[in-house]
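One structure below.
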Amino acid sequence: MSSQPLQVADTLQWATRLLTAAGVDSPRLDAELLLGQVLGCDRARLRAFWADDLSAPTARRYAALVQRRAQREPVAYLLGQRPFYDIALEVTPAVLVPRPETEHLVEAALAWARRQPRPGLRIVDVGTGSGAIAIVLARHLPAAQVLAVDLSGAALQVARRNVARLGLAHRVALLQADLLTPLAGSFDLIVANLPYVDCDELPTLMPEVSRFEPSVALDGGPGGLVIVQRLMGALTERLAPGGLAMFELDPRQMAAARTLALGAVPAAAVDVIYDYAGHERVLTVERRAG
Ligand code: GLN
């Protein structure tokens, strides 16, 4: 690190060059986010420090973070948090980093829930990870009962801290379970960002994903739909009449997933929601009322 400059502006340039060479997608942004982290300020305020020198310990801490990012560790893990919808969530390597795609699922779920005539919707987020979907739904649907389920105890600990920090401990119940297996009763809204990556494709994903994110949150088995299909198989029992299930998926899986859904829930209304990039992203399965 002897060649690392100490002045903030030069340090940022050094870090940006290093991250560019490492193949990082947004090198300047990440360099700034990590510098904000060591200086304890947000990106917008970094300019105030432009001409300052970093102290040697701060420069060392920054260099260590930049080196980790250059090894392609996700910036969200280095910062320990990630913005999602209208909140910031704690994230650790025990949970998938919440993605912008998932905000589509949340928006569509909120829109559907607000159209329902009955209050007190029973909602379950299956494979909650950091708690992202469950927490946003609970915040915006004050009458709903929200349950968040995950197979991973380590993920649930992160979700529990997020739920508590956002003041929702009384609103969001957390449960360690394999999908909905141990539960009785049915739900009005089932939301699921389950693992859906084809296991053969997992090693080909960006290093941030394949090397650092938990494979238990990504690996959907051969073809990617193994776990999704299991949950679909439970829908006739677990989805209340008139209820909606939503699955975040890879656009390439939609045709196959649609067929699976129609096979699992006869006479369901199956639809697709597009993401900002215009890709089919969320499959919705609405069970006919009555
Ligand atoms: N969207 C994630 C990815 O492409 C996959 C998330 C998931 O499997 N639920 O890396």
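We count ligands from 1, going down the list as the structure has it; atoms in each ligand are counted the same way. The analysis underlying the following values was restricted to heavy atoms, covering all of them including side chains, and did not include hydrogens, waters or symmetry mates. Numbering starts at 1 and runs along the sequence shown.
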Protein heavy atoms near atom 4 (O) of ligand 1, is at least one of them under 4.0 angstrom away? no
Protein contact of atom 8 (O) of ligand 1 - nearest heavy atom, named by residue and atom, plus distance: Y196 N, 3.0 Å
Taking the ring centre of each residue, are H104 and Y276 less than 6.0 Å apart? yes
So, does T102 sit close enough to ligand 1 that a heavy atom of it is under 4.0 Å from the ligand? no
Can you tell me if R61 uses its side chain to pair, donor with acceptor, with the backbone of V38 under 3.5 Å? yes
Interfacing atoms of ligand 1 (cut-off 4.0 Å, heavy-atom, L96): 6 (C)
Once you restrict to heavy atoms under 4.0 Å, what part of E213 touches ligand 1? Side chain, backbone, both or neither. neither
Find out whether L202 and S210 are in side-chain contact, i.e. whether some heavy atom of one side chain is under 4.5 Å from a heavy atom of the other. no
Under 4.0 Å between a Lys/Arg side-chain N and an Asp/Glu carboxylate O for R99 and E213? yes
Other residues, nucleotides and ligands only: do more than 12 of their heavy atoms fall within 6.0 Å of CD on Q176? yes
Answer yes or no for A217: is there a heavy-atom contact with ligand 1 below 4.0 Å? yes
Does any N or O atom in R281 lie less than 3.5 angstrom from one in ligand 1, N or O only? no
Test side chain to side chain donor-acceptor pair (under 3.5 Å) applied to D188 and Q116, R287, R118, Q145, the passing residue: R118
Just heavy atoms, cut-off under 4.0 Å: does L194 contact ligand 1 by side chain, backbone, both, or neither? backbone
If you measure from the Lys or Arg side-chain nitrogens to the Asp or Glu carboxylate oxygens, is any gap between R252 and E201 under 4.0 Å? yes
Within the 4.0 Å heavy-atom shell around P195, which atoms of ligand 1 are there? 8 (O)
Closest non-hydrogen protein atom to atom 10 (O) of ligand 1, residue and atom name please, with distance? R99 NH2, 2.9 Å
